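When a ligand or atom number is given, it counts from 1 through the structure's own listing order. The figures here come from the full heavy-atom set of this structure, side chains too, leaving out hydrogens, waters and symmetry mates. Keep in mind that what you see is a predicted model, and the values were worked out from it rather than measured.
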Amino acid sequence: MATYIVLLGPPGVGKGTQAVILAQAIKLAHISSGDLFRGNIKNQTELGKLAKSYMDKGELVPDDVTIAMVRDRISQPDCKGGAILDGFPRTPKQAESLEKMLAEFGGCVDSVPYITADEAVLIERTSGRWSCRAQGHVYHQKFNPPKQAGVCDVDGSELYQRDDDKVETVTNRIHVYFEQTMPLVDYYRKLGKLIEINGVQPVEQVTNDLLAALRK
Ligand code: ADP
Ligand code: AMP
């Protein structure tokens with residue numbers, strides 16, 4: 001049966017970083033809703049234009065279009081064995097829709113690692129984040145610098161700083177997270193699926209904790 005893992009946690013806590021490592025380690029597809037939106041913006045689609053108007057302000061993109069986009073991605077053949085969901089769901093409505101769509105594929109959310117860090121750490125991480133233009137590989141100028149400044153180690157593409165990583169926008173994203181996404185912590189805790197992971201540790205240690213928790 002397919003395995004679906006939801007990575008929950010505030011912006012900048014390290015979900016994307018860990019999702020890439022876990023996807024390789026446990027051979028699951030990686031679905032990042034933020035990357036899907038950024039792909040649409042890059043390709044100048046109608047969805048991209050709509051998403052950008054919300055992302056620039058640090059607000060959530062409306063549920064209906066977000067759910068439809070993830071549904072389309074999760075139905076692709078490479079997700080047959082399951083997926084690591086990074087950045088989705090972010091609202092109770094998205095969580096309910098996810099259960100329904102996974103039930104159609106004969107699966108469910110198996111576990112929900114909840115990675116935590118305080119606001120000062122989130123600001124420091126997002127303000128030093130550099131992302132690659134081609135595939136969204138993520139670096140940090142202090143904690144995980146690329147070998148050559150401004151160039152992605154993996155695919156050689158240019159690194160850029162996300163517009164929504166400006167301190168004002170991140171502060172709003174954290175506020176939006178507490179208002180709209182925090183209810184999911186209780187939702188998944190009540191379902192017995194939540195696993196708390198301390199995100200204020202080196203990347204390798206967070207990965208070890210995640211792998212140990214997922215093995216249980
Ligand atoms: P998220 O997907 O949750 O927004 P990212 O994985 O993009 O977060 O990480 C945000 C920033 O923090 C990136 O610059 C990344 O390199 C860095 N980072 C991720 N995990 C750690 C960690 N454990 N320690 C220090 N920096 C980290
Ligand atoms: P992320 O790459 O996860 O940091 O997301 C960047 C931005 O994309 C967020 O601030 C939102 O504007 C938008 N976004 C990503 N995922 C979702 C989601 N599940 N629901 C609504 N908006 C989202």
* Structure fact -> protein heavy-atom neighbour closest to atom 8 (O) of ligand 1 works out as Gly14 N, 3.1 Å
* Asked: Would you say ligand 1 has an N or O under 3.5 Å from any N or O of Phe143?
  -> no
Please state which part of [X] comes within less than 4.0 Å of ligand 1, counting heavy atoms only: side chain, backbone, both or neither.
| X | value |
| --- | --- |
| Tyr139 | backbone |
| Pro202 | backbone |
| Gln201 | backbone |

* **Among Lys57, Glu59, Arg90, Gln94, closest by any non-hydrogen atom to atom 1 (P) of ligand 2** => Arg90
* Structure fact -> Nearest non-hydrogen contact to atom 19 (C) of ligand 1 from the set Thr17, Val13, Val200 belongs to Thr17
* Asked: Are Val6 and Leu191 connected in the hydrophobic side-chain network, where two residues link if heavy atoms are under 4.5 Å apart?
  -> yes
* At a 4.0 Å threshold, what atoms of ligand 1 neighbour a non-hydrogen atom of Gly16? -> 1 (P), 2 (O), 6 (O)
* To do: Pull out every atom of ligand 1 sitting under 4.0 Å from any heavy atom of Val203, numbered as shown with elements.
  => 20 (N), 21 (C), 22 (C), 23 (N)
* Atoms of ligand 2 less than 4.0 Å from Ser33 heavy atoms? -> 15 (C), 16 (N), 17 (C), 19 (N)
* Asked: ligand 2 and Val61, any nitrogen or oxygen pair closer than 3.5 angstrom?
  -> yes
* Taking Asp63 as the fixed residue, which of Gln180, Lys93, Gln94 is the one that meets the side chain to side chain donor-acceptor pair (under 3.5 Å) rule? -> Gln94
* Can you tell which part of Val176 has a heavy atom less than 4.0 Å from ligand 2: side chain, backbone, both or neither? -> neither
* Asked: For Arg129, which of Asp165, Asp164, Asp163 qualifies under salt bridge (Lys or Arg N to Asp or Glu O under 4.0 Å)?
  -> Asp165
* Asked: Is the closest heavy atom of Arg162 to ligand 2 under 4.0 Å?
  -> yes
